[in-house]
Structures are given as C-alpha cells and as structure tokens.
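Just so it is clear: chains get the letters A, B, ... in the order the sequence lines come, proteins before strands, and each one is counted from 1. Keep in mind that what you see is a predicted model, and the values were worked out from it rather than measured.
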Amino acid sequence: MDSFNARVYRAVAKIPEGKVATYGLIAGLAGSPRASRQVGWAMHGSPRGLRLPCHRVVNRTGALAPEGVFGGRDVQRAMLEAEGVTFLGDGRIDMRKHLWEPDVEA
DNA sequence: GGTTTGACCCGTT
DNA sequence: CAACGGGCCAAAC
C-alpha cells in the first residue's frame, strides 16, 4: 500500500488519545501539506475494518466535520471529550492544548 | 487518459 | 465579523 491515502491512515492511527490533528497536518505527514482535502476524502473511503480515530482529525479552525459524517457533530464531540479533549464554548476544539505535535514520530 | 469531485486552507470582498 | 472565491493535490468515474 504505497497510496497516499494509505499513509494518511497510518498517520491518523498515530494520533494519541486526548489530542487532535488537522487535515493539513496529516497531509504533511503523508507527504503533501497541501493535500488536506485528500485526507478527508481518504477517510471517507477508508476501510470499515480499520478503527481510524477520524474523530480526532479536524480542520484548521478546530471545527468538527459536517453532520452526516460521524452521525452528528455532537457524537464526534462526545468521543473527543471522552478521550480528554476539551472544547470551547463555540463547539470548537481547544487546539491550543490538544493540537498533536508529531516531533519524533516513529 | 481527461474530467469531476472532495470530511480543506488562505486571502479577499 | 461573515460570506465568497480561488488554489492545491490526489483518487474515483
């Protein structure tokens, strides 16, 4: 699996609990920081067998994906809160604290 | 092999 | 401060 989306799956799977990564960040780990759109598309077409923490992947503003993807924004928010992620009053993630920083990633 | 799309990002109006 | 458009990249049709 040398496909770009394959690397996206692996990068997303590396996201530790209690943290969140932006599409742009995942795209960067995949090899193309500008292919942020591809990241989201890759997850939508990702194999159901894999349990990718797609709920930990959010856009740059910290806003969650549109409804209908996870079954509702509230669902995704609940999953993140259950992992220890804090949210702002606007319904956005506190990127300041939970933005994943891949420094010495394996 | 060309066209369309897509869970985005950034700048401008 | 909110809305609109253009740009990028990679996969599906």
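With a cutoff of under 4.0 Å to any heavy atom of chain A, the contacted region of DNA chain C is bounded 5' to 3' by dG7(C) to dA12(C).
Applying the side-chain contact (heavy atoms from CB on, under 4.5 Å) criterion to Ala6(A), with sequence neighbours excluded, gives Met1(A), Ser3(A). Arg77(A) is linked by a side-chain contact (heavy atoms from CB on, under 4.5 Å) to Leu64(A), Asp74(A), Glu81(A), Phe87(A), counting only residues two or more places apart in sequence or in another chain. With sequence neighbours excluded, the residues satisfying side-chain contact (heavy atoms from CB on, under 4.5 Å) with Glu67(A) are Arg73(A). With sequence neighbours excluded, the residues that form a side-chain contact (heavy atoms from CB on, under 4.5 Å) with Ala11(A) are Ile26(A), Leu29(A).
Here the CE-OG1 distance, from Met95(A) to Thr22(A), works out to 6.0 Å after rounding to the nearest 0.5 Å. To the nearest 0.5 Å, the span separating CZ on Arg56(A) from CD1 on Ile93(A) amounts to 11.0 Å.
Counting only heavy atoms from C-beta outward, the side chains of Pro53(A) and Arg51(A) never approach each other to under 4.5 Å.
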Which parts of nucleotides 7-13 of chain B does protein reach within less than 4.0 Å, heavy atoms only, written one letter per nucleotide 5' to 3' as B for base, S for sugar-phosphate only and - for none?
BBSS---
